[in-house]
Amino acid sequence: MKEAYFPQEIETKWQHTWEETNAFHTPDDSTKPKYFALSMFPYPSGKLHMGHVRNYTITDVIARFKKMQGFNVLHPIGWDSFGLPAENAAMKHGADPAKWTDENIAYMTKQLKMLGLSYDWEREVTTCKPEYYKWTQWLFLQLYKKGLAYKKEAAVNWCNSCGTVLANEQVIDGKCWRCDSVVEKKYLSQWFFKITEYAEQLLQDLDKLQGWGDNVKTMQANWIGKSQGAIFRFKVKEIEGLEVPVYTTRPDTVHGITYLVVAPEYKDIEKLTTPENKQAVEEYRANARKMTEIERLSTDRVKTGVPLGTHCINPFTGEEFPLWTADYALVEYGTGAVMAVPTHDTRDFDFAKKYNLPLKVVIAPESASSYDADNLKEAYTEEGILVNSNEFNGMKNTEAKKAITQKAVDGGFGEFKTQYRLRDWLISRQRYWGAPIPIVYCDKCGIVPEKEENLPVMLPTDVDFSVVGKSPITTSPTFKDTACPVCGGHATREMDTMDTFVCSSWYYMRYADAKNSEKCFDKDLVNHWLPVDQYVGGIEHAILHLLYSRFFTKALRDCGVLDFDEPFKNLLTQGMVLKDGSKMSKSKGNTVDPDEIFENYGADTARLFILSDSPPARDFDWSDAGVEGCYKFLNRVWRLVSDGVNKGLISKDYKIDFPLSRENDDLIRTVHIAIKGITNDISNDFQFNTVISKYRELTNAIYEWSGKKNEKSFTDEDKNVFSFAVTSLVKLMSPVTVHMSEEIWHELGYERSIHEENWCEWDENLAKASKITLVVQINGKVKDKIEVDEGANDEELKQFAILSPKIKELINGKEIVKTIVVPKKLVNIVVRG
RNA sequence: GGGCAUGUGGUGGAAUGGUAGACACGCUAGUCUUAGGAACUAGUGCGCAAGCGUGGGAGUUCGAGUCUCUUCAUGCCCACCA
């Protein structure tokens, strides 16, 4: 065996062998239990970055560990390959996005292989290939048939720089999630998926996701934004038969209404405006329309509004109050109209103060005897007792919510209402590089879905990428005109493509049956492999991809395509990879190129390091010294083994015969403790950082043990023990340092790949210490430590403690109040005086 | 404004309510070397010491980094959602 560790040589060799032997292929039929380990698939942007390396290494180690534990592991990879960067590159360089994408995939595939990842490449999935997007289109049609895909005219988020609309989830702080430019509002007719129909299920089923972090679950719950309240309908005084409905979560404050606000975009706003107010209202609305999302969302903005001139009547009190329009009412939420109770809502309070609208107190704190509206400094939004509220006076406001709503129900002017913040998912994109929406517009029949047998609707290639202000797809001379699938007459195709998040909402299902050309996947196979047992990826998808995928799964279940209702059983959201405390980015110039690390240290060092310093969920600070440290450690392990092998001290045919010498017994114990600890650390939340510290501890222990021996005096027993320890270490490390372990394994004389081996097992009796350090405390403070036999019982431990000279002196002359014994660990003597 | 995380040596981080700082990085000495940024050995929370130490303050407990309350700081998510 070579004395020095040459990672690149070893790694290239084994990568070739694994490829030639198809070592990581997963059969569908196996008697072993299944385990589906999944990384979020990459966008083929050009090169892997360290975030990828971290993500895929974590999943790879999990996959290999599970395989060694006897699971039939599915560990696939694919490409989220539709999307704007390819199209932009095409426009810039006049290239073909398909070619650009293919080249990136080829390069990144090479990098993934260099990392030694155990993917089943036969199941590779690429979303921009017709054999994939055919099924994306097919699934769209299933949703369409179910009434879950529909087209409507709506105010949508428009990103001018990307030249396309965006879903709500893709607008971050009023800016585009991709390019960061300010998002505008536009009125367009667009395709939506009815995700709102699943709002309640998506919320409820979060409880089923025991293996998800609470942070992600609360983010989703907040995004869905369920609230419970009431709808009240108010008659308009000036217009017979016209009503304004409002949604409120505070029906208990209904007697305190002093005005009502409708959004500038409210559908009946023109009817509600009197001729005298028309001009001011028109101006206000025009202004609101011009405003960008950013301006509207600005937190320090002063509220503005104008009166409409009309009035509503409060059915509870008979009081009249004026109607206003103000942009703090949102047309998309609730009914687009708000009942304003300035005394008990901070926003209404601000508005009322600014425009001198009246205040009326209807909730008082339980302690207060009276409450003066004129002197209010801010809205009272806490709980309390109803006042000025007729028959509800004296009632607790929490009870009044129900009672008051009930009165509205009985009176026919209101109802109980549950409201969600979640909006339908806008999936149309005015872009080229995506899956075409399989819809045609027939001159006679209107909107018609393409026939399933005509799929895929191929993305045209005869397009001009140099056009500005419109989608390149519209320049295709052959794409637009087609025959109606129903009547055969003239029709035109939908020119929009689908949001790429549609493609990524089902890719993990396709892995179950990646090559199927008859169906999107076989139902039995998808039911067998799914749900994913462990999903690993970035927290940035907490809402977007993960919510869409959950919706897709439920919708496809209802379409009868599959039989489960949650796609991802366990989710690990890995932290970011930082350098010098901030996120790696090209603009900051603090990126680390994986290729350079492979070249200088090898993939095993990269894998070891990226797992070593932080638990997976936390951010990880990349340091060059850390990489160096890991490389040195691997050299140290290599030297330990090569030395032993070359001196004939290690062999694969070892046998441990008890009893052993004291030192050998200790080493065996250390190995068993390591096996137990490492197994538990991986099983328990994948704490790879402590796993790696245990690799080091075990290595240190073996070195220390061998340092005590003179190699010439090595007995057969020593050789056996040494062999066992080294063999165990190499095996325990094999999921992480995949190449080095494989190389050593063969150097030890094994024929089979180490990755086909079973995971190490420990013997509970051997993992037990023979001596324990008894901690003796007085009044909870550590005062002494005594070595005692492992088998000592509680009474004996107490005696040891009291008899220790140190303790004897300290408790001398004091009264022992009580003594607490923690078996095999600690004695605490409580004294007084 | 609301929600969720996280606060431990010079640094990354360990620690089923029971020895705080495992394992590393860094640093300091030394050994071997022509030399070393290689390898090995010893040391390394603070304090001269008694002791003190897990952001601050309270509490529960024989015992709190860990549980409860409160407060501060940082990060992330959501945000005029009625």
Side-chain angles (χ1 to χ4, degrees), chain A residues 172-174 213-223 225-227 229 246-250 253 260-261 263 296-299 301 303 326-330 332-341 344-348 350-351 381 419-423 539-540 542-543 575-576 578 581 609 612-615 617-630 632-633 635-636 639 677 680-681 684 687 689-700 703 707 773-785 817-831:
Chain A
I172 316 287
D173 291 335
D214 286 337
N215 54 342
V216 178
K217 287 196 276 189
T218 32
M219 270 191 234
Q220 291 213 355
N222 289 343
W223 187 260
K226 181 179 181 173
S227 69
V246 302
Y247 170 72
T248 180
T249 54
R250 293 298 303 275
T253 64
L260 196 149
V261 176
R296 250 185 105 150
L297 289 180
S298 166
T299 43
R301 218 176 118 240
K303 287 182 179 44
D327 61 7
Y328 81 91
L330 308 172
E332 319 93 272
Y333 187 75
T335 61
V338 185
M339 63 178 223
V341 185
H344 305 297
D345 181 283
T346 45
R347 293 154 303 187
D348 299 343
D350 293 346
F351 192 82
T381 56
Q419 184 73 38
Y420 301 90
R421 273 191 16 200
L422 185 70
R423 312 283 153 77
I539 186 78
E540 66 273 17
I543 294 171
M576 285 186 299
L578 313 176
F609 176 56
S612 67
D613 263 6
S614 299
R618 237 187 275 183
D619 286 351
F620 175 85
D621 208 338
W622 183 275
S623 81
D624 296 335
V627 186
E628 195 70 41
C630 285
K632 285 181 187 171
F633 171 65
N635 274 285
R636 193 167 141 83
R639 263 197 320 274
N680 288 342
D681 284 357
N684 174 28
Q687 293 176 48
N689 55 329
T690 56
V691 168
I692 287 159
S693 75
K694 283 171 177 127
Y695 292 163
R696 292 178 186 268
E697 280 176 4
L698 180 55
T699 308
N700 292 345
Y703 260 107
T773 306
L774 179 71
V775 174
V776 187
Q777 298 181 327
I778 294 177
N779 291 345
K781 303 260 180 213
V782 178
K783 294 294 175 186
D784 200 8
K785 295 168 192 180
V817 181
K818 62 172 159 178
T819 310
I820 285 122
V821 179
V822 181
K824 300 183 197 301
K825 229 172 214 166
L826 172 144
V827 175
N828 185 17
I829 303 165
V830 185
V831 299

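All figures in this text were calculated on a predicted structure; none of them were measured in a lab. Numbered from 1 within each chain, the chains take letters A, B, ... in sequence-line order.
Residue contacts shown for A:D621 are absent, as no nucleic acid heavy atom lies under 4.0 Å away. A:D348 comes within 4.0 angstrom of nothing in the nucleic acid, heavy atoms only. Across all strands, A:Q220 comes closer than 4.0 Å to no nucleic acid atom at all (heavy-atom distances). Within the nucleic acid shown, A:V822 comes within 4.0 Å of at least one base atom, counting heavy atoms only. As judged by a 4.0 angstrom heavy-atom cut-off over every strand, A:R421 is placed among the base-contacting residues. Within 4.0 Å of A:V830, counting heavy atoms only, lie sugar-phosphate atoms of the nucleic acid but no base atom. Residue contacts shown for A:K632 are limited to sugar-phosphate atoms, with no base heavy atom under 4.0 Å away.
At whole-Å resolution of the value, CZ in A:R618 and P in B:C76 are 16 Å apart. Here the P atom of nucleotide B:A22 and the CD1 atom of A:I692 are 18 Å apart, to the nearest Å. Atom CG of A:D784 and atom C1' of B:G18 are 16 Å apart (whole Å).
Each of B:A22, B:A82, B:G12 was ranked by its minimum atom distance to the side chain of A:D613; first place goes to B:G12. The side chain of A:Q777 has B:G18 as its nearest neighbour among B:A14, B:G18, B:C62. Residue A:R639 places its side chain closer to B:C40 than to any other of B:G13, B:C62, B:C40. Here the side chain of A:I820 is nearest to one of B:A22, B:G12, B:C62, namely B:C62. Comparing B:A24, B:C80, B:G18 by their closest approach to the side chain of A:R696 singles out B:A24.
Base-pair partner of B:G1: B:C78 (Watson-Crick or G-U wobble, both distances under 3.5 Å). In a base pair of the Watson-Crick type (N1 to N3 plus N6-O4 or O6-N4) or a G-U wobble (N1-O2 and O6-N3), with each distance short of 3.5 Å, B:C40 is matched with B:G30. Base pairing analysis places B:G51 opposite B:C46; the two distances defining the Watson-Crick or G-U wobble pair are each below 3.5 Å. Across all strands shown, B:A73 is found opposite B:U6 as a Watson-Crick or G-U wobble partner, with both distances under 3.5 Å. When both distances must be under 3.5 Å, the Watson-Crick or G-U wobble mate of B:A35 does not exist.
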Side chain to side chain contact (heavy atoms under 4.5 Å, CB included) between A:D613 and A:F620, worked out: CA-CA 7 Å; A:D613 263 6; A:F620 175 85; 3.6 Å; yes

Derivation of the salt bridge (Lys or Arg N to Asp or Glu O under 4.0 Å) call for A:R250 and A:D345: CA-CA 9 Å; A:R250 293 298 303 275; A:D345 181 283; over 6 Å; no

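Where A:K818 and A:Y247 meet RNA chain B, the nucleotide closest to each residue was compared, and A:K818 sits on the side nearer the 5' end. Annotation: of the two residues near RNA chain B, A:E628 and A:G780, the 5′-most nearest-nucleotide partner is A:E628.
Residues A:Y247 and A:S227 have side chains that bring a donor and an acceptor to within less than 3.5 angstrom of each other. Side chain to side chain, A:S612 and A:N689 fail the donor-acceptor criterion of an N or O pair below 3.5 Å. Judged purely by distance below 3.5 Å, without hydrogens or angles, the side chains of A:D350 and A:Y328 never pair a donor atom with an acceptor atom.
Geometrically, A:R636 engages A:Y703 in a cation-pi contact defined by less than 6.0 Å to the ring centre and at most 45° from the axis.
Separation of the P atoms belonging to B:G2 and B:G47 is 42 Å when rounded to the nearest angstrom.
Taking side-chain N and O atoms only, A:N215 has no distance below 4.0 Å to OP1 or OP2 of B:U6. In this structure, A:S614 reaches the B:G13 phosphate: one of its side-chain N or O atoms is under 4.0 Å from OP1 or OP2.
Under 3.5 Å, the side chain of A:N222 and the base of B:C78 form no donor-acceptor pair of N or O atoms.
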